[in-house]
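Since we're looking at a predicted model, the values are computed, not measured.
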2 protein chains.
Amino acid sequence: MPTSRAPLNTRRVLQAALELADSGGTDKLTMRHLGRELGVEAMSLYRHVANKDAVLDGIIDLVVSEIDLPDSREDWKSAMRRRGETAHRVLTRHPWAPPLLMSRTNTGPAMLRYIDYTLGVLRGAGFSWRLADHAWNTMDSFVYGYTLRRLTFPVAQADYAETAAAHAHLLAGGGFPHMAELTRQVAEGRHPGDPDITFGLDLILDGLERLRDAETRP
Amino acid sequence: MPTSRAPLNTRRVLQAALELADSGGTDKLTMRHLGRELGVEAMSLYRHVANKDAVLDGIIDLVVSEIDLPDSREDWKSAMRRRGETAHRVLTRHPWAPPLLMSRTNTGPAMLRYIDYTLGVLRGAGFSWRLADHAWNTMDSFVYGYTLRRLTFPVAQADYAETAAAHAHLLAGGGFPHMAELTRQVAEGRHPGDPDITFGLDLILDGLERLRDAETRP
DNA sequence: CGTCGTAAGCTTACGTCGTAAGCAAGAGTG
DNA sequence: CACTCTTGCTTACGACGTAAGCTTACGACG
C-alpha cells in the first residue's frame, strides 16, 4: 500500500491548477485532470475548493499577484509605464489568463491591491480623483486589450514578414487593397509590423500628462 | 405528420445561432439547443456547418458586419471616433461577443473589410503605413479592452453611486485606502464613476494627430 | 483501552456537451 | 424503373462538472 501522502489544502490545489493551466491552457484544466495531478480523485478536490469557478478565480489572482506593484517613489510616468509593461509580460507568460481575467469579474485581494497602489501613484502625482480613475481605466483597457489581441494573433513575431509575404496576394485578390499594401510593406521589411506595447503606452501616458497639467494649471 | 419545412442552409443556421446567443449568451448556444430552435436534430446541423467553432466564427463575423464602416469622406478624426463608438455600441448589444471576438483568431470577411476601410481613412489623412498600423491597433486594443471590461463590470451604471456607498466601508477596513476614498467620492456624487468611452477615445485620437503632424512636418 | 466525532478521500451516478458513424427517405435524372 | 445525391435522423462514445452517500484513519475523551 502507498505511503500516506501529505494532506491537500486549498493552496496546493490552486498551485497545481496554475501549473496545469500553464502547461496546457484552460482546456487541460479539468477537475479530473487536476485530481490526477495531485494523486487524488476529482471529487476529493471539492473538500478544498467550492467548485471549478473558485479554482479559476484563485489562479487568476495568483497571476495578478505576479505583476509588480508600481512604486510610488518613482516618477509617476515611468512607474505607470513599467506597470503596463510588466502586466503585459506577466499575462503573456500565462497566455490562458487574459481571457479569464477579462471575461469574469475579478475582485481577488491581489487585484484590489494592484488597483489601490495605482491610484496612490496617480494621486501622488497630482491627478484629481476623476482623472486618476479615467487614467487607470484607460491604461488597463488598453493593456489588457492589447495583450489579448497579441495572444490571439496567429503569427509569431519572428515569421511576421515571411507570413505577410505569403498572404499578400490573397488579400489583393479579395478586394482589400489597403491591407494588401500594408502587408506588402511588412513583407519588404519597410515597416516592422508587430507593434510593441510601448507605442500605445506612451501615447496614453503623454495624453494623460497633458490633461493633468491642464487640470492643475487652468 | 408535419408539413415539410423549408430546407436548412448555412445562413439560416448562423442566423438562428446569433439569435440564440443574443437571447441567452454563449451558454445557451449548444448544438442540440440550436437544432431544437430550427426544428431539427443536433446532428443535422453538421450538414451545413463544419462544427461548432465554425458556428462561433460565423456569428462573430455577423456581429462585426453590424459595425458602421468609417466613411473616408469624413474628417478622419471624427470618422475614427465614430468607428470606435459604434463598435462599442454594437459589441454591447451582443454582450457574449467580445470574449469570443478577442479570444479566437478572426479573419471573416466583415472583419477584413472593416480593417481595410480603416486603413484607407488613415492613409487618406496622411498617416504613414507604420503610423496607420499603430493607430488602428492601438484604437482597437483600447476599444475591445474597454468594452470587455465594461461588460464584466458587476454594477449597472444606474446603481453605481448606490453600490459604491455600500462597499466603501468594506474597502476601507481591508487596507485599500485609495480605492475606499475613490468609492466615497463616487458615493457622494463628486465624481460620476463609470467613465464613458469617449475619454479614452479622444485621448488616443489627439495623441495620434500629434504624431501624424510631427511625422508630416519634421 | 474502547468509543466516537470529524475530516479526507473514494465511489457511483446523473445530466450535459460535441460529434463520429451509419441509416432512411425523398428528389431528381437517366 | 433504377440510380445517385441531398437532407435529416438514430445511436453511441468519451469527455465534462458535480450531487449524494460511503469508507477509512486519527485524535480526544471517558
Side-chain angles (χ1 to χ4, degrees), chain A residues 1-62 96-97 99-100 103-106, chain B residues 1-62 96-97 99-100 103-106:
Chain A
M1 58 185 59
T3 63
S4 73
R5 16 154 224 259
L8 247 44
N9 58 46
T10 305
R11 248 177 57 84
R12 279 194 44 212
V13 171
L14 291 182
Q15 198 59 48
L18 180 61
E19 285 163 21
L20 206 50
D22 279 341
S23 85
T26 320
D27 287 352
K28 217 160 152 184
L29 181 53
T30 71
M31 297 305 272
R32 291 174 219 261
H33 204 125
L34 181 53
R36 204 177 314 142
E37 210 71 18
L38 289 161
V40 136
E41 291 299 317
M43 287 311 291
S44 305
L45 299 171
Y46 286 84
R47 289 273 159 205
H48 306 99
V49 140
N51 50 36
K52 191 177 178 183
D53 273 4
V55 174
L56 296 179
D57 287 339
I59 61 176
I60 287 178
D61 213 52
L62 282 179
W96 50 269
L100 281 186
S103 64
R104 63 198 0 258
T105 307
N106 187 280
Chain B
M1 59 186 55
T3 62
S4 74
R5 15 152 222 261
L8 246 44
N9 57 47
T10 304
R11 247 177 59 84
R12 277 194 46 210
V13 171
L14 292 181
Q15 197 58 48
L18 180 62
E19 283 163 21
L20 205 50
D22 279 341
S23 85
T26 322
D27 287 353
K28 217 160 155 185
L29 181 53
T30 71
M31 297 305 272
R32 291 174 220 262
H33 204 126
L34 181 53
R36 203 177 314 140
E37 211 71 18
L38 289 161
V40 138
E41 292 299 316
M43 287 310 293
S44 304
L45 300 171
Y46 286 83
R47 290 274 160 206
H48 306 99
V49 140
N51 50 35
K52 190 177 180 182
D53 273 5
V55 173
L56 296 179
D57 288 338
I59 61 177
I60 287 177
D61 212 52
L62 281 179
W96 50 268
L100 281 186
S103 64
R104 63 197 3 255
T105 306
N106 187 280

* Pairing annotation in dot-bracket form, given for DNA chain D with Watson-Crick or G-U pairs under 3.5 Å and | for cross-strand partners -> ||||||||||||||||||||||||||||||
* What is the distance, rounded to the nearest whole Å, between atom CD of A:E41 and atom C1' of D:dG17? -> 15 Å
* Spacing of B:K28 atom NZ relative to C:dC17 atom C1', expressed in whole Å -> 17 Å
* Rounded to the nearest angstrom, tell me the gap between atom CZ in A:R36 and atom C1' in C:dC10. => 16 Å
* **B:L8 side chain, from C-beta outward: closest of D:dG8, C:dC10, C:dG9** => D:dG8
* Structure fact -> Separation of D:dT18 atom P from A:R47 atom CZ, nearest Å, is 15 Å
* For atom CG of B:L34 and atom C1' of C:dG18, their distance in whole Å -> 13 Å
* Asked: For the atom pair CG (B:L34) and CG (B:L14), what is the distance rounded to the nearest 0.5 Å?
  -> 9.0 Å
* Set of residues satisfying side-chain contact (heavy atoms from CB on, under 4.5 Å) with respect to B:S103, sequence neighbours excluded -> A:P99
* Asked: B:L56 CG to C:dC17 P: how many Å, rounded?
  -> 14 Å
* **Point-to-point distance, once rounded to the nearest 0.5 Å, from CG of A:L56 to CG of A:D61** => 12.5 Å
Which pairs would a plain distance check flag for residues 17-31 of chain A, meaning a side-chain donor or acceptor within less than 3.5 Å of a matching protein atom at least two apart in sequence or in another chain?
unit_1: A:D22; atom_1: OD1; unit_2: A:H94; atom_2: ND1; d: 2.6
unit_1: A:D22; atom_1: OD1; unit_2: A:W96; atom_2: NE1; d: 2.8
unit_1: A:D22; atom_1: OD2; unit_2: A:H94; atom_2: ND1; d: 3.2
unit_1: A:S23; atom_1: OG; unit_2: A:L20; atom_2: O; d: 3.1
unit_1: A:T30; atom_1: OG1; unit_2: A:H33; atom_2: N; d: 3.1

* Asked: Out of curiosity, B:L45 CG to B:T10 OG1, how far, rounded to the nearest 0.5 Å?
  -> 10.5 Å
* Could you give the distance from NE2 (B:H48) to CG (B:L8), rounded to the nearest 0.5 Å? -> 5.0 Å
* Asked: Atom CZ of B:R12 and atom C1' of D:dG8: how far apart are they, to the nearest Å?
  -> 13 Å
* Structure fact -> So the salt bridge (charged side-chain N to carboxylate O under 4.0 Å, His left out) pairs with at least one residue in residues 46-56 of chain A (sequence neighbours excluded) are A:D53-A:R104
Give every pair of a protein N or O atom and an N or O atom of nucleotides 19-21 of chain C that lie under 3.5 Å apart, one pair per line with the distance.
unit_1: C:dT19; atom_1: OP2; unit_2: B:Y46; atom_2: OH; d: 2.7
unit_1: C:dT19; atom_1: OP2; unit_2: B:K52; atom_2: N; d: 3.0
unit_1: C:dT19; atom_1: O5'; unit_2: B:Y46; atom_2: OH; d: 3.4

* Examine D:dG8: is either OP1 or OP2 under 4.0 Å from a nitrogen or oxygen in the side chain of B:H48? Give yes or no. => yes
* To do: Look at the side chain of A:D57 and the backbone N and O of A:I60, then say whether any donor-acceptor pair between them is shorter than 3.5 Å.
  => no
* Structure fact -> Output for pair (A:E37 CD, A:R32 CZ), nearest 0.5 Å, gives 16.0 Å
* To do: Would you indicate, yes or no, if C:dC10 has its OP1 or OP2 atom less than 4.0 angstrom from a side-chain nitrogen or oxygen of A:S44?
  => yes
